[in-house]
Amino acid sequence: MEAPGSSKKMIATQEEMVEARVPLAYRDQCAHLLIPLNKCRQAELYLPWKCEAERHTYEKCAYELVMERMLQMQKIREREAQLKARSSQPIPLIPKTANA
């Protein structure tokens, strides 16, 4: 399963995410890294220095996804600006119907 417009593949299945109680907002291409991070956090009583490696890999994945979306949006905006520049020709105030 692959998300549209993303280069990363979904590794965690819906069943795994439901079983791990991953919130809907976090069920993206990095969910396979969030599941072990949350297990580590629960096992270590949420001490911030205990699961640094897992947190770093998850945050790096999330950052890469955000950057990928930003690049895609920038390309879309550039394409729209090019189309708008081509199609927006000034409307003449005086029609060219007269032989002036």
Side-chain angles (χ1 to χ4, degrees):
M1 182 172 153
E2 191 170 327
S6 179
S7 63
K8 294 186 178 210
K9 293 178 73 174
M10 284 292 293
I11 297 175
T13 63
Q14 287 293 330
E15 293 81 23
E16 291 172 343
M17 290 186 278
V18 168
E19 183 180 319
R21 295 183 179 181
V22 175
L24 289 176
Y26 295 97
R27 293 184 187 185
D28 57 4
Q29 288 85 0
C30 298
H32 68 284
L33 299 171
L34 183 61
I35 293 170
L37 173 60
N38 284 341
K39 286 181 183 177
C40 176
R41 286 175 170 166
Q42 289 174 353
E44 300 295 338
L45 302 175
Y46 291 88
L47 295 173
W49 60 86
K50 293 286 187 171
C51 304
E52 288 181 348
E54 292 90 346
R55 183 173 57 95
H56 177 72
T57 56
Y58 172 73
E59 287 178 351
K60 182 180 178 192
C61 179
Y63 173 78
E64 290 172 352
L65 276 179
V66 168
M67 293 306 292
E68 186 176 334
R69 287 188 205 123
M70 287 177 59
L71 286 174
Q72 287 177 352
M73 193 64 207
Q74 182 181 4
K75 289 178 183 176
I76 290 170
R77 286 186 179 137
E78 287 174 356
R79 201 174 324 126
E80 287 177 353
Q82 288 175 352
L83 289 173
K84 187 176 180 182
R86 283 188 216 148
S87 64
S88 66
Q89 297 173 354
I91 300 172
L93 297 177
I94 302 172
K96 294 186 177 182
T97 56
N99 293 333

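Only a predicted model underlies this, so the values are computations on that prediction, with no experimental measurement involved.
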**Report entry** Heavy-atom side-chain contact between I76 and E80 under 4.5 Å
**Finding:** yes

Requested in this report: Give the minimum heavy-atom separation between R27 and M10, together with the two atoms involved.
Outcome: O-CE, 4.4 Å

Query raised in the report: Between the side chain of R55 and the main-chain N/O of L37, is any donor-acceptor distance below 3.5 Å?
Result: no

Query raised in the report: Can you tell me how far CG of N38 sits from CG of L33, rounded to the nearest 0.5 angstrom?
Result: 11.0 Å

Requested in this report: Using a cut-off of 6.0 Å, state whether more than 12 heavy atoms not belonging to M73 lie near its atom CE.
Outcome: yes

Query raised in the report: Can you name the nearest heavy-atom pair linking C51 to E44, along with the distance?
Result: SG-CG, 4.1 Å

Query - Minimum heavy-atom distance D28-L65, with the two atoms named - result: OD2-CD1, 3.7 Å

Query - Steps toward side chain to side chain contact (heavy atoms under 4.5 Å, CB included) verdict (Q14, M17) - result: CA-CA 5 Å; Q14 287 293 330; M17 290 186 278; 3.7 Å; yes

Report summary line: What one should report as the nearest heavy-atom pair of Y26 and A31 is O-CB, 3.8 Å

Requested in this report: For side chain to side chain contact (heavy atoms under 4.5 Å, CB included), just list the numbers for M70 and M67, CA-CA rounded to whole Å, side-chain angles, deciding distance to a tenth of an Å, and then say yes or no.
Outcome: CA-CA 5 Å; M70 287 177 59; M67 293 306 292; 4.1 Å; yes

Requested in this report: Using a strict cut-off of less than 4.0 Å between a Lys/Arg side-chain nitrogen and an Asp/Glu carboxylate oxygen, indicate whether E68 and K8 qualify as a salt bridge.
Outcome: no

Query raised in the report: Got a second to check how far C30's SG is from E59's CD, nearest 0.5 Å?
Result: 11.0 Å

Query raised in the report: Hey, is CD on E16 packed in by over 12 heavy atoms from elsewhere, all under 6.0 Å?
Result: yes

Query - Y46 OH: over 12 foreign heavy atoms closer than 6.0 Å - result: yes

